[in-house]
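Every chain is numbered from 1 and lettered A, B, ... according to where its sequence line falls, protein lines coming before strand lines.
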Amino acid sequence: MQKNENEGSKEPSVDFIRAIVAEDIRTNKWDGKVITRFPPEPNGFLHIGHAKSICLNFGIAAENKGGRCHLRFDDTNPVTEEDRYVNSIQDDVRWLGWDWGEHLYYASDYFGKMYEYAVELIKKGFAYVCDLDAGQIREYRGTLTKPGKDSPYRNRSVEENVALFMRMKDGEFKDGSRVLRAKIDMASPNMNMRDPVMYRILHADHHRTGSKWRIYPTYDWAHGLEDSIEGITHSICTLEFENHRPLYDWYLDKLEVHHPQQIEFARLELTYTVMSKRKLLQLVEEGHVKDCDDPRVPTISGMRRRGYSPEAIRQFCRRIGINKFNSTIDIALLEHCIREDLNKTSNRVMAVLRPLKVVIDNYPEDEVEWMDAVNNPEDPDAGTRKVPFSKIFYIEQEDFMEDPPKKFFRLGPGREVRLRYAYFVTCTDVVKDDDGRVVELHCSYDPATRGGNAPDGRKVKSTLHWVSASHALRAEVRLYDHLFTKELPDEAANGEDFRSNLNPKSLHVLSNCMVEPSLKDARLLDRFQFERLGYFCVDADTTEGNLVINRTATLRDTWAKIQKKEHKK
RNA sequence: UGGGGUAUAGUGUAAUGGUAGCACAAUUGAUUCUGGUUCAAUUUGUCCGGGUUCAAAUCCUGGUACCCCAGCCA
């Protein structure tokens, strides 16, 4: 018993699918092989829910010696599928950090083989050509509680079936006039077993096979064959296919070919967003978001643009676990994962989103001092940089209050605070416009506190970020909030749907932001922490004269929490 | 009695007859040149009823609730 080897040592718990794989390896069920696959249909963009499946399938393959995971496009329906999706899906899987090596496949590559298998099934008496139209087939199928009845075409001879099927293939019949059906059991309590359709006639051109085929296989017929042909060992899919498993098994048993094990797990659901392809597409088409890669939407391309890292997404997929029951994960966990990663990896920089001008009255007019600033306190290797300080600079509007409440530690009349990496300053005067709004502050500074520490050891309650006015780069910053105001957007009032829960404030654009000059060389998708504000990245809309920046996530903000609580009182 | 699944803190997930643990969230406190990070602590749980057992989240039994299935979509 090799089991003893690990006894006593606490093995990390694994999900039920990894447990099955481990057991299969132990019993040598598949000659020790582990071959999984990720089989997207190229009819839409990948989202975080797909990432769960990708990380599961590629992850299991990577964790097992000699394991591999195929990327296979399940392109059996030419009406909805397009090449552009094939490309974006590959980009996304690769960006997430996975590699399928030479194992890139297309269901359409197997159309010829599938046709032969279908003929074989006909010859075995397990399939027949049915002339019923779609409506009739539905009628004959019965209901959930009533058995169906046999099609009048169910007992055609093998010869007639083979001949008709060949003519279907040759395009002799009109769309919808005939189908090939499996001959199983019209009284089965499982609707999928009531003589399911294997082939439909579609005079539609396919994105890869062009006009070669006039019949196309249905999912149930095609998918098991694809898995079988590729030698897949574990065919992992989502819960709604559980009812299809008997059919998956039936086809492969009747054909007596390699028979992978289908295993189902629950889809990912996330609070404050929607996950279905249909709804995501609807949001784009109706203009609620700009495009499929809008940073508010949980597509992989949207998250990439928002500033998410592949590491954070993979970490998230590891943490959510794998199970067989529907659950909705708190989006706070996703946000935690991105903060955790970005805290360790992103350089800190100073930027002022809502600028308030400050003048240091006792600071020399034309003086500029280049202050040393740490790039990343979590990573000593990230080094330091110089940040210019001068007489006039900007601070955040919300870092000043004329009449500060008890728990407000920042700047106010007569108060002293630290300017990060620079000096202690004390507010001496407040300038207002005609409407009484604060438009400018005057301060005095203590030259002895250069760098940010007082030689007399005096403390200050708060440290502010700032950007020197004459050195500042202008930027447009896009702030994002949850796309929906409700945790579960589908919970809508009578007659309404998820769109009624859209958050009107999910995007907030600030066009007059000031960032420190070190950002002048920033490139597309570069990520930063703006000190005290959050994590940000350079957006694709950036042009030569216009720096556009997305907020990926805020920092955890205890001051905001305090304010929220005070508000409620 | 149509069939197939599933129930563990607020959320997600471990514990495979032997102390119900972990993460997120929440709440305290310590540290801090980011109201960040880090650290420490606290609150909250086995769907319900019966049974077996020294011992049940786990086994048996009877309920309840939720999800999926009547595409020539996947």
Side-chain angles (χ1 to χ4, degrees), chain A residues 12-15 19 39-41 43 74 76-77 79-81 130 132-134 137-139 141-148 175-181 187-194 196-202 215-216 218-220 222-223 237-246 264 266 271 277 319-337 339-340 343-344 348 350 373-374 377-378 407-410 417-422 424 449 451-453 459-465 487 529-534 554-562:
Chain A
S13 62
V14 294
D15 58 74
E41 185 189 13
N43 70 345
D74 203 359
T76 57
N77 185 0
V79 183
T80 58
E81 294 152 6
C130 181
L132 259 26
D133 66 31
I137 286 181
R138 193 180 324 121
E139 275 171 42
R141 188 155 33 222
T143 69
L144 293 177
T145 49
K146 267 187 258 149
D175 282 9
S177 61
R178 272 177 244 259
V179 292
L180 184 72
R181 289 228 254 172
S188 171
N190 182 343
M191 300 295 282
N192 296 122
M193 301 299 271
R194 319 244 261 229
V197 172
M198 295 165 60
Y199 274 97
R200 70 275 210 187
I201 298 171
L202 278 176
I215 55 172
Y216 291 95
T218 55
Y219 170 85
D220 285 306
H223 203 88
C237 61
T238 44
L239 243 33
E240 67 272 25
F241 293 105
E242 220 156 13
N243 296 323
H244 296 241
R245 194 172 63 235
E264 310 86 11
T271 56
K277 270 188 204 173
R319 287 204 191 189
I320 57 179
I322 300 293
N323 235 320
K324 292 200 67 145
F325 45 92
N326 303 307
S327 56
T328 305
I329 277 114
D330 192 338
I331 200 161
L333 180 61
L334 217 207
E335 288 162 359
H336 166 80
C337 289
R339 285 191 189 111
E340 184 179 58
N343 175 52
K344 283 184 297 209
R348 271 123 254 224
M350 290 198 284
V374 173
E378 308 294 321
K407 287 178 178 162
F408 185 84
F409 303 151
R410 282 106 98 146
V417 298
R418 170 170 36 234
L419 296 175
R420 182 137 230 224
Y421 302 124
F424 284 16
T449 59
N453 285 305
K459 299 277 185 220
V460 102
K461 284 201 92 170
S462 141
T463 300
L464 307 188
H465 60 276
E487 263 190 41
Q529 183 196 102
F530 286 177
E531 295 228 22
R532 306 208 304 132
L533 296 174
T554 59
L555 254 28
R556 280 185 61 217
D557 189 349
T558 39
W559 168 237
K561 261 183 218 166
I562 292 166

Do the side-chain N or O atoms of Arg138(A) get closer than 4.0 angstrom to the phosphate oxygens (OP1, OP2) of G71(B)?
yes
Under 4.0 Å, counting only non-hydrogen atoms across every strand here, what does Arg418(A) touch: a base, just sugar-phosphate, or nothing?
base
Counting heavy atoms from C-beta on, name the nucleotide in A70(B), C73(B), U34(B) closest to the side chain of Asn77(A).
C73(B)
Within the structure shown, what part of the strands sits under 4.0 Å from Pro40(A) by heavy-atom distance: base, sugar-phosphate, or nothing?
nothing
Please classify G71(B) as syn or anti, treating any glycosidic angle within 90° of 0 as syn.
syn
Planes under 30° and centres closer than 5.5 Å, is that true for Phe325(A) with the base of G5(B)?
no
Identify the residue among Glu531(A), Arg420(A), Arg532(A) that makes a side-chain contact (heavy atoms from CB on, under 4.5 Å) with Leu464(A).
Arg532(A)
Given side chains that start at C-beta, do those of Arg319(A) and Leu334(A) come closer than 4.5 Å, heavy atoms only?
no
Which listed nucleotide (G4(B), G2(B), G71(B)) is nearest to the side chain of Glu242(A)?
G4(B)
Using a heavy-atom cut-off of 4.0 Å across all strands, would you classify Ser327(A) as base, sugar-phosphate, or nothing?
sugar-phosphate
Polar side-chain atom of Asn190(A) near backbone of Asn243(A) as donor-acceptor pair, under 3.5 Å
yes
Hey, does the side chain of Arg141(A) come within less than 4.0 Å of C69(B)'s phosphate (OP1/OP2), counting only N and O?
no
Can you tell me if the side-chain N/O atoms of Arg532(A) get under 4.0 Å from OP1 or OP2 in G35(B)?
yes
Any donor-acceptor pair under 3.5 Å joining the side chain of Arg245(A) to the base of G4(B)?
no
Tell me what Lys461(A) touches on the nucleic acid: a base, only sugar-phosphate, or nothing, going by heavy atoms under 4.0 Å.
nothing
RNA chain B: stems of at least 3 consecutive Watson-Crick or G-U pairs, cut-off 3.5 Å?
B:2-7 with B:64-69, B:10-13 with B:21-24, B:26-30 with B:38-42, B:47-51 with B:59-63
Check the phosphate of A74(B) against Arg200(A), side-chain N and O only, distance under 4.0 Å to OP1 or OP2. Yes or no?
yes
Is a side-chain donor or acceptor of Thr463(A) paired with a backbone partner of Arg418(A) at a separation under 3.5 angstrom?
no
Looking for any heavy atom pair under 4.0 Å, which part of the strands does Thr271(A) touch: base, sugar-phosphate only, or nothing?
nothing
Counting any heavy atom closer than 4.0 Å, what does Asp220(A) reach on the DNA or RNA strands: base, sugar-phosphate only, or nothing?
nothing
Under 3.5 Å, is there a donor-acceptor pair between the side chain of Thr449(A) and the main chain of Phe424(A)?
yes
Does the Thr238(A) side chain pair with the main chain of Glu240(A), one donor and one acceptor, at a distance under 3.5 Å?
no
Any base atoms under 4.0 Å from Asp175(A), or only sugar-phosphate, or nothing? Heavy atoms, all strands.
nothing
Remember a base hit wins even if backbone is also touched, and classify Thr558(A) as base, sugar-phosphate or nothing at under 4.0 Å, heavy atoms.
sugar-phosphate
NA contact type, Gln529(A), heavy-atom cut-off 4.0 Å: base, sugar-phosphate, or nothing?
base
Ring of Trp559(A) versus six-membered ring of G35(B): centres under 5.5 Å and planes under 30°?
yes
Distance, C1' atom - from G3(B) to G10(B), rounded to whole angstrom:
34 Å
With sugar-phosphate meaning primed atoms plus P, OP1 and OP2, does Glu378(A) contact a base, only sugar-phosphate, or nothing at under 4.0 Å between heavy atoms?
base
Within the 4.0 Å heavy-atom criterion, would you say Glu41(A) contacts the bases, only the backbone, or no part of the nucleic acid?
sugar-phosphate
Determine whether a donor-acceptor pair (one donor, one acceptor, N or O, separation below 3.5 Å) exists between the side chain of Arg556(A) and the base of U37(B).
no
Which nucleotide wins on minimum distance to the side chain of Ser13(A), given the candidates G36(B), A14(B), G12(B)?
A14(B)
Choosing from C24(B), G12(B), C69(B), which nucleotide comes nearest the side chain of His336(A)?
C24(B)
Can you tell which of G10(B), G3(B), C72(B) lies closest to the side chain of Asp330(A)?
G10(B)
Tell me which nucleotide among A74(B), A25(B), G35(B) gets nearest to the side chain of Ala332(A).
A25(B)
What is the nucleic acid contact for Leu333(A), judged by heavy atoms within less than 4.0 Å: base, sugar-phosphate only, or nothing?
sugar-phosphate
Scan Leu144(A) against the nucleic acid and name what it touches under 4.0 Å (heavy atoms): base, sugar-phosphate only, or nothing.
base
Out of C69(B), U27(B), A74(B), which has the shortest distance to the side chain of Lys561(A)?
U27(B)
Residue Asn323(A), side-chain heavy atoms: nucleotide from G12(B), U13(B), G36(B) that is nearest:
U13(B)
Quick note, Arg410(A) side chain, CB onward, closest among G2(B), G35(B), A70(B) is G35(B)
Is the base of G3(B) touched by the side chain of Asn243(A) through a donor-acceptor pair closer than 3.5 angstrom?
yes
Would you classify Leu132(A) as touching base, sugar-phosphate or nothing, given that sugar-phosphate means primed atoms plus P, OP1 and OP2, and contacts are heavy atoms under 4.0 Å?
base
When you measure from the side chain of Arg420(A), which nucleotide among A74(B), U6(B), U34(B) comes out closest?
U34(B)
